[in-house]
Amino acid sequence: GIQVEQSPPDLILQEGANSTLRCNFSDSVNNLQWFHQNPWGQLINLFYIPSGTKQNGRLSATTVATERYSLLYISSSQTTDSGVYFCAVEGTTDSWGKLQFGAGTQVVVTP
Amino acid sequence: DGGITQSPKYLFRKEGQNVTLSCEQNLNHDAMYWYRQDPGQGLRLIYYSQIVNDFQKGDIAEGYSVSREKKESFPLTVTSAQKNPTAFYLCASTTGGSPLHFGNGTRLTVT
């Protein structure tokens, strides 16, 4: 099946800093989504972005499907941005909706 | 409000007992999923269902069983055959071309 690699595995930021998280995948995709898991375990969908660029407040994401990667940008980070960020993809040869998750990037934002 | 309800939030069982985790959604989504998350790890797919009365094994189905008798409900049974059942279990749902939504999860501890 499709392989998903996220980098860096861990990230420590000072409040107000900007950062970029990366997701590489091994095959063509129909579907790519970014999620944030807060310290209580709740998973929130940030972006549904199989290609192109989207922005939502201080967060934005870009997927370059032809080069098999996606980037998540966090600007002016806040302590509430702490948690784990997951990238999940559905390969073109996978069943509809069957998402493969990366191992995540653990982000800690310090005051 | 529409959403996914998982119950209970915490569950404790003795080794050798089967246990059923509940997942209900009122989003009118066609597809539902069960994921398992171990500490510090990503999410792994246990089972998924794209329509009522049909479901497929995910990557780690051994020791688990599911049913999909109603569109809104997708219960997961953790059987005594599952060797390491202690984990965080997440239910999710989606419909074609839309983001994946998660419930708040059930933390299962088996001793």
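Letters A, B, ... mirror the listed sequences (proteins, then strands); counts begin at 1.
Between atom CD of residue A:Glu90 and atom OG1 of residue B:Thr94 there is a gap of 9.5 Å, rounded to the nearest 0.5 Å. Interatomic distance, A:Lys98 NZ to B:Tyr33 OH, rounded to the nearest 0.5 Å: 10.5 Å.
Inter-residue side-chain proximity for A:Leu99 and B:Tyr48 is flagged as unmet; no heavy-atom pair is nearer than 4.5 Å. At least one side-chain heavy atom of A:Phe86 sits under 4.5 Å from a side-chain heavy atom of B:Gln37.
Both B:Leu76 and B:Leu108 are assigned to one and the same hydrophobic cluster, defined by single-linkage of ILVMFWY side chains at heavy-atom distances under 4.5 Å. Taking hydrophobic clusters as Ile, Leu, Val, Met, Phe, Trp and Tyr residues chained together by side-chain heavy-atom distances below 4.5 Å, A:Val84 does not share a cluster with A:Leu13. Hydrophobic clustering of Ile, Leu, Val, Met, Phe, Trp and Tyr side chains at less than 4.5 Å, counting indirect connections, keeps B:Leu43 apart from B:Ile60. No path of Ile, Leu, Val, Met, Phe, Trp and Tyr side chains, each step under 4.5 Å between heavy atoms, connects A:Ile74 with A:Tyr69, placing them in separate hydrophobic clusters. A chain of hydrophobic side-chain contacts below 4.5 Å, direct or via other Ile, Leu, Val, Met, Phe, Trp or Tyr residues, connects A:Leu46 to A:Phe25.
Residue B:Arg44: no heavy atom, backbone or side chain, is found under 4.5 Å from chain A. When heavy atoms are compared at a cutoff of 4.5 Å, B:Gln56 does not approach chain A at all. With a 4.5 Å cut-off on non-hydrogen atoms, B:Leu45 touches chain A through its side chain but not through its backbone. Residue contact with chain B, scored on non-hydrogen atoms closer than 4.5 Å, involves the side chain of A:Gln37 exclusively. Interface remark: A:Gln106 contributes no atoms to any contact with chain B (heavy atom separation under 4.5 Å).
The two residues B:Pro99 and A:Asn45 make their nearest non-hydrogen contact at CB-ND2, 3.4 Å. Closest non-hydrogen pair, B:Leu100 versus A:Phe35, comes out as O-CE2, 3.5 Å.
Of all the listed residues (B:Ser98, B:Gly105, B:Gly40, B:Gly58), the one sharing the greatest number of non-hydrogen pairs under 4.5 Å with chain A is B:Ser98. Taking A:Leu43, A:Ile44, A:Asn31 one by one and counting their heavy-atom pairs under 4.5 Å with chain B, the maximum is reached by A:Leu43.
Heavy-atom contacts from other residues, nucleotides or ligands closer than 6.0 Å to CD of A:Glu15 number more than 12.
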